[in-house]
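Here's the structure we're looking at; comments come further down.
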Amino acid sequence: MASILEWLKRLFGRKLFNLEWLRSLFRRSLNFPVSFLTAGWETIPDDETIEEEQLEEVLQRNCYLPVDIGDILLSRYQVVGKLGWGITSIVWLVRDLEMNDYMALKMFSHDMLPGEESTYYDKIKQGNQRHPGSGRVRTKIAEFEFIRFEIFNHLGILQEPLGESLQDIQNRSVGERLDKLSIQSTIYQMLLALDYMHTECNLIHGDIKGGIIFQEIGDKSRHDRYVQAEIEHPSARKIYFAYTFYRSRPLEPASQLGKIQLGDLGSAYPGDVPRNGQLLQPPLYRSPEVILEKEWNYPVDIWNLGVWAWSAFEGSRLFPPKENDDAYTTSAHLAYITGLLGPPPPDFIEPDTISAKYFDKDGNWIVEDCEVHPTSFEDLEKRLEGEDKEMFLDLMKGMITWRPEDRKTPRELIEHPWLQGIFWPPGCYKPTE
């Protein structure tokens with residue numbers, strides 16, 4: 001018997017008899033791919049256009065990587081569902097067969113190799129991890145490139161899977177708005193995230209909105225339930241030649257708002273480089289200095305967060321499009337800002353620039369076919385009363401100002417009284433921590 005063992009050792013090496021290696025081998029042997037149904041799903045009618053199929057021009061250029069649920073990428077990552085899509089990418093839930101864990105795979109279209117975005121994720125990960133905001137900004141686990149037909153390159157970024165977005169929560173809430181506790185928790189956590197990005201990473205986010213603020217998963221058993229749902233009730237789809245259009249399947253919602261993360265660095269910019277005249281931010285959340293093509297920097301994120309938070313809490317936009325018209329116009333936006341904040345300070349208006357189209361040298365509105373209707377934060381706020389209302393409006397007024405230098409920093413706003421002394425959901429950072 002001893003001679004047989006010695007022969008096996010010589011044949012396979014002593015590693016065969018290393019206990020930890022044997023355990024690792026056993027764990028990996030259990031991580032078989034999942035078998036999904038090959039029929040029985042809902043077929044989406046040809047005349048119904050869904051998700052990325054709406055981007056006809058992108059599809060004509062064959063930009064997206066054809067991926068099917070059940071595929072195994074790089075001999076390691078099995079695609080188990082489609083989480084969402086965007087103009088530049090599609091996000092899949094994948095199972096790492098080696099580690100027996102789930103990840104989100106953001107797969108970019110071949111005409112979009114976002115080297116800067118990937119670099120920014122690296123900066124987020126390399127910053128001071130003791131900062132309480134470091135965990136409130138999404139980062140990446142790894143990245144790799146898929147080459148298709150030897151001519152199409154697709155960048156894939158692996159990230160921790162996150163739950164539903166704040167926009168999803170808002171859409172299914174009463175009045176399509178967030179409650180007081182949720183908006184307080186969100187503002188506080190996003191201020192932590194921005195303080196980390198601005199002071200530790202020298203990055204401007206540039207695109208803050210409910211659709212890219214996500215809940216952390218918390219209960220990871222939701223992943224297994226997600227896969228089981230896909231097995232039992234396959235996602236609706238339509239197949240067009242070699243490409244399958246899937247209807248996204250989101251992860252099940254959490255029972256309450258907990259830790260959240262600010263995601264999507266596709267619009268981020270370094271804050272240590274002056275910017276002037278470049279458009280940034282979702283149009284209705286765009287700050288005055290960006291609209292008027294002035295130099296901008298970190299304070300654009302504070303304006304953006306304040307305007308979005310107001311809309312999410314009040315259930316109505318602070319600066320809506322022109323009346324009876326969903327189309328965004330610069331003049332209507334500036335008229336609403338002027339009606340709320342009053343005329344811009346004269347030193348904010350620069351002659352011989354775009355400012356002269358809307359204001360005279362003293363800051364007076366001069367656009368004839370677009371009126372300014374004076375209003376106030378006090379008149380527009382409908383959900384709070386008394387001291388509670390006063391504190392909330394004081395917070396908003398510290399974020400929404402004409403001059404960027406008049407806006408408070410994330411660190412100053414974190415200490416605001418409206419964000420102190422409240423009950424925080426389990427897992428959230430409290431102001432005292």
Side-chain angles (χ1 to χ4, degrees), residues 114 116-140 159 166 183-214 259-282 285-291 294-310 312 394-416 418-420 428-431 433:
E116 286 187 342
E117 180 176 353
S118 180
T119 301
Y120 298 153
Y121 282 122
D122 288 334
K123 292 190 71 172
I124 295 298
K125 196 171 184 178
Q126 293 163 5
N128 176 16
Q129 297 303 297
R130 299 185 66 181
H131 188 291
S134 63
R136 307 276 60 81
V137 187
R138 199 173 195 190
T139 185
K140 71 177 181 182
Q159 299 176 297
L166 270 288
I183 203 67
Q184 286 174 309
S185 176
T186 299
I187 292 173
Y188 182 77
Q189 293 187 71
M190 289 302 95
L191 288 172
L192 285 175
L194 291 180
D195 187 60
Y196 176 71
M197 288 189 68
H198 294 175
T199 64
E200 300 290 340
C201 307
N202 300 121
L203 287 176
I204 302 163
H205 187 277
D207 188 27
I208 300 170
K209 55 192 176 186
I212 51 97
I213 302 173
F214 298 95
K259 289 185 178 182
I260 56 178
Q261 287 188 17
L262 180 61
D264 196 344
L265 301 182
S267 298
Y269 281 98
D272 50 3
V273 178
R275 302 285 173 180
N276 197 340
Q278 292 174 277
L279 283 181
L280 186 76
Q281 304 170 297
Y285 303 147
R286 199 166 281 161
S287 60
E289 61 268 34
V290 173
I291 297 172
K294 296 169 64 68
E295 186 172 310
W296 50 261
N297 211 297
Y298 301 114
V300 298
D301 282 339
I302 297 301
W303 172 283
N304 194 164
L305 177 61
V307 175
W308 171 79
W310 177 284
D394 185 70
L395 175 68
M396 291 293 104
K397 290 176 182 178
M399 304 174 77
I400 302 170
T401 67
W402 276 110
R403 290 192 189 97
E405 59 268 27
D406 292 339
R407 287 170 219 149
K408 295 184 182 296
T409 66
R411 194 160 295 182
E412 292 171 329
L413 291 164
I414 286 168
E415 302 298 327
H416 193 278
W418 200 67
L419 302 177
Q420 316 302 311
C428 284
Y429 287 106
K430 304 175 181 64
E433 291 182 339

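None of these values were measured; they are calculated from a predicted model.
Residues that satisfy the side chain to side chain contact (heavy atoms under 4.5 Å, CB included) test with Ala312, not counting sequence neighbours, are Gln170, Leu178, Ile183, Trp308. For Trp310, the ring pair (Phe, Tyr, Trp, His ring centres under 6.0 Å) partners two or more places apart in sequence, or in a different chain, are Phe377, Phe392.
The heavy-atom pair separating Ile400 from Trp303 by the smallest distance is CG2-CZ3, 3.4 Å. Here the closest heavy-atom approach between residue Trp402 and residue Arg407 is recorded as O-NH2, 3.4 Å. Across all their heavy atoms, Glu289 and Pro404 have their closest contact at OE2-CB, 3.5 Å. Ile204 and Gly271 make their closest contact through CD1-CA, 3.8 Å (heavy atoms, listed as atom of the first residue, atom of the second, distance). Heavy-atom minimum distance, Gln281 versus Val290: OE1-CG2, 3.6 Å. Closest heavy-atom contact between Tyr120 and Leu203: CD2-CD2, 3.6 Å.
Counting heavy atoms from C-beta on, the side chains of Tyr285 and Asp207 never come closer than 4.5 Å. Using a 4.5 Å heavy-atom threshold, the side chains of Asp264 and Glu117 count as touching. At least one side-chain heavy atom of Met197 sits less than 4.5 Å from a side-chain heavy atom of Leu265. At least one side-chain heavy atom of Ile124 sits under 4.5 Å from a side-chain heavy atom of Cys201. Using a 4.5 Å heavy-atom cutoff, the side chains of Pro282 and Asn304 are in contact.
Here the CE-OG distance, from Met190 to Ser185, works out to 9.0 Å after rounding to the nearest 0.5 Å. Remark: Leu191 CG to Ile302 CD1 distance equals 6.0 Å, nearest 0.5 Å. The line from CD of Gln126 to OG1 of Thr139 is 9.0 Å long, rounded to the nearest 0.5 Å. The CZ atom of Arg403 sits 10.0 Å away from atom NZ of Lys294, with the distance rounded to the nearest 0.5 Å. Rounded to the nearest 0.5 Å, atoms CG (Leu194) and OG1 (Thr409) are 10.5 Å apart. To the nearest 0.5 Å, the span separating CG on Leu413 from CD1 on Ile187 amounts to 9.5 Å.
Gln184 and Tyr188 form no side-chain donor-acceptor contact under 3.5 Å, judged by distance and modelled atom types alone.
Listed by first then second residue, pairs satisfying side-chain hydrogen bond (donor to acceptor under 3.5 Å, both in side chains) with a partner in residues 192-201 read Gln129-Tyr196, His131-Asp195, Asp195-Arg411, His198-Asp301, not counting sequence neighbours.
The backbone N or O of Ile212 lies less than 3.5 Å from no partner atom in the side chain of Gln261, so there is not a single donor-acceptor pair. Judged by distance alone, with hydrogens and angles left aside, the side-chain atoms of Arg136 form no donor-acceptor pair with the main-chain N or O of Leu262 at under 3.5 Å.
Counting non-hydrogen atoms of other residues, nucleotides and ligands closer than 6.0 Å to NZ of Lys140 gives a total above 12.
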